[in-house]
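Structure first, commentary second.
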Amino acid sequence: MKISVQAAPFDLGAELSEFGTGRADVGAVVSFTGIVRDDSGQMHALELEHYPGMTEAAITRIAQEAVERWDLADALVIHRHGRLAIGETIMMVATAARHRAAAFEAAEFLMDYLKSRAPFWKKEHGPGGTSWVEAKDTDEAALKRW
Amino acid sequence: MKISVQAAPFDLGAELSEFGTGRADVGAVVSFTGIVRDDSGQMHALELEHYPGMTEAAITRIAQEAVERWDLADALVIHRHGRLAIGETIMMVATAARHRAAAFEAAEFLMDYLKSRAPFWKKEHGPGGTSWVEAKDTDEAALKRW
Amino acid sequence: MIDVLYFAWVRERIGLPRETLETQAATVADLVTELKAREPRYEAAFADLSALRVALDQELSEFDAPLKGVREVAFFPPMTGG
Amino acid sequence: MIDVLYFAWVRERIGLPRETLETQAATVADLVTELKAREPRYEAAFADLSALRVALDQELSEFDAPLKGVREVAFFPPMTGG
């Protein structure tokens, strides 16, 4: 299991190239990558604040829960903080399991929890200044299914 | 959209490195990779037969349906045929969308359809000879949710 | 003239991957009846139609589908890709 | 002595990321009442508790939780990671 909270970019391909390999019991690997999107067409950058110390602990706990619940062979979470340009990769999760259903479910579970339970806050930088991204009811609702 | 049916291995990292990039409206990329698993501990290899011509057409149709239904920015399917060793990558799908729910759903839809509607047949090579993998009722049932 | 293709264990039981036939069969089911009458290996391959799938000109179809205008028929077990 | 941390717009409204306080507050809610009484910027930051979350020693908690034994309290808006 690898958990990393970092300012630096990461290489999705390099992270996935060895993930879940070298075991005869892994049949399915799912990855999710979150990318800085610009819905308004006017955003300059996205800034991610986090809570050092708590962030790593919260993500590790969430990932361990996923590994146990879906009997994962491995799990990976990388989440960046700091200032990111549009199109940059914000974070990724990956899950390795025997069957595809477990790998998909565990990855969705991780994402739903990271969205609402890991201490990150997004701020948009635009032409009119900055504004904090508000939490969505749909993200909170997504947790209910687990 | 990229569809490839091939005997040669592919590089997951290289395939994903440019996938879904260069657009401000992509916030989520999901990938699935299928790997040759050995549940019995006795398998020597997996052989995949396919129906040349129909395979590409069937996968293209399934992928186009996913792109339209989930408004995907991009979709990718690579499926190998021929003889594969344990731990080798059989296939991958990737989806790029605005939001994570669409990217996850479209990838699961593609997988469910590829499992039961793309003309591939798996044969296991073991110490006692070869045997065709039987279709699972759960794979057919998985189609019902779409 | 119609091309008939066989895949996976259907191919193995019949012993060849494809053949070209002259047939008057109106439907897929009629063609299957003709084939089963030819030789025991066809009889064996087509013994249980519920274990088989058929594609007409590379599109999944049904056993009661008409063959008129079809150039390529393929018989195979349920797919197991992915 | 207790460390109090602020994140995102809570940090911006109060104007500092962390401070160390002497408090007799029994619960998080009591601490919030103390803070609001200090200055208008605290009053503004804590005006709507439903828009805030709290962590005690880096674990998500509730506003009615006791502070006994807690060394670090953090206030912040709902998270928006991922």
Side-chain angles (χ1 to χ4, degrees), chain A residues 11-43 46 73 85-101 103-112 114-115 136 138-139 141-142 145, chain B residues 11-43 46 73 85-101 103-112 114-115 136 138-139 141-142 145:
Chain A
D11 181 337
L12 172 66
E15 296 296 340
L16 285 179
S17 70
E18 298 293 307
F19 184 78
T21 62
R23 299 179 54 144
D25 62 348
V26 171
V29 167
V30 167
S31 79
F32 176 91
T33 315
I35 297 157
V36 181
R37 208 177 61 228
D38 179 19
D39 286 338
S40 65
Q42 303 207 310
M43 198 165 84
L46 188 71
I86 291 155
E88 273 198 83
T89 303
I90 306 171
M91 51 81 64
M92 71 170 289
V93 308
T95 55
R98 186 175 290 270
H99 298 290
R100 75 185 187 284
F104 270 118
E105 276 189 27
E108 290 185 76
F109 166 86
L110 282 172
M111 284 310 304
D112 286 348
L114 288 171
K115 283 265 172 193
K136 284 184 284 183
T138 50
D139 285 336
R145 59 177 162 156
Chain B
D11 181 336
L12 172 65
E15 296 296 341
L16 285 178
S17 69
E18 297 293 307
F19 183 78
T21 62
R23 300 180 51 145
D25 62 348
V26 171
V29 167
V30 167
S31 79
F32 176 92
T33 316
I35 297 157
V36 181
R37 209 176 61 228
D38 179 19
D39 286 337
S40 65
Q42 303 206 309
M43 199 167 84
L46 188 71
I86 291 155
E88 272 198 84
T89 302
I90 306 171
M91 50 80 64
M92 71 171 289
V93 308
T95 55
R98 186 175 291 269
H99 298 290
R100 74 185 187 285
F104 270 117
E105 275 189 29
E108 290 186 75
F109 166 86
L110 282 173
M111 284 309 305
D112 287 347
L114 288 171
K115 283 266 172 193
K136 286 185 282 185
T138 50
D139 284 336
R145 58 176 162 156

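Numbered from 1 within each chain, the chains take letters A, B, ... in sequence-line order.
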What part of [X] is in contact with chain B, defined as an atom under 4.5 angstrom from a non-hydrogen atom: side chain, backbone, both or neither?
X        : result
Ala14(A) : neither
Asp38(A) : both
Ile86(A) : side chain

Item checked: Note, Val93(B) side chain near Leu114(B) side chain (heavy atom, < 4.5 Å) ->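 Val93(B) vs Leu114(B): side chains touch.
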Contacting moiety of [X], where chain A heavy atoms sit under 4.5 Å:
X         : value
Leu16(B)  : both
Asp11(B)  : neither
Ala142(B) : side chain

Check: Taking the six-membered ring for Trp, are Phe104(A) and Phe32(B) parallel (under 30°), tilted (30 to 60°) or perpendicular (over 60°)?
Finding: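 If you compare the ring of Phe104(A) with that of Phe32(B), the planes turn out parallel.
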Next item on the list: For each of Gly22(A), Ser31(A), Gly34(A), tally heavy-atom pairs with chain B at distances under 4.5 Å, and name the one with the top tally.
Entry: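 Greatest number of close heavy-atom pairs with chain B: Ser31(A).
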Note to self: Can you tell me which of Ser17(A), Gly13(A), Ala24(A) forms the most heavy-atom pairs within a distance under 4.5 Å of chain B?
What the structure shows: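 Option with the top pair count is Ala24(A).
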Item checked: CA sep, side-chain torsions, deciding dist, call: Glu88(A), Ile35(A), side chain to side chain contact (heavy atoms under 4.5 Å, CB included) -> CA-CA 6 Å; Glu88(A) 273 198 83; Ile35(A) 297 157; over 6 Å; no
Check: Backbone N or O of Gln42(B) within a donor-acceptor pair of the Ser40(B) side chain at under 3.5 Å?
Finding: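 Side chain of Ser40(B) to backbone of Gln42(B): a pair is present.
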Checklist line | Salt-bridge criterion met for Glu108(B) and Arg100(A) (N-O under 4.0 Å) | finding: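 Answer for the salt bridge query: no.
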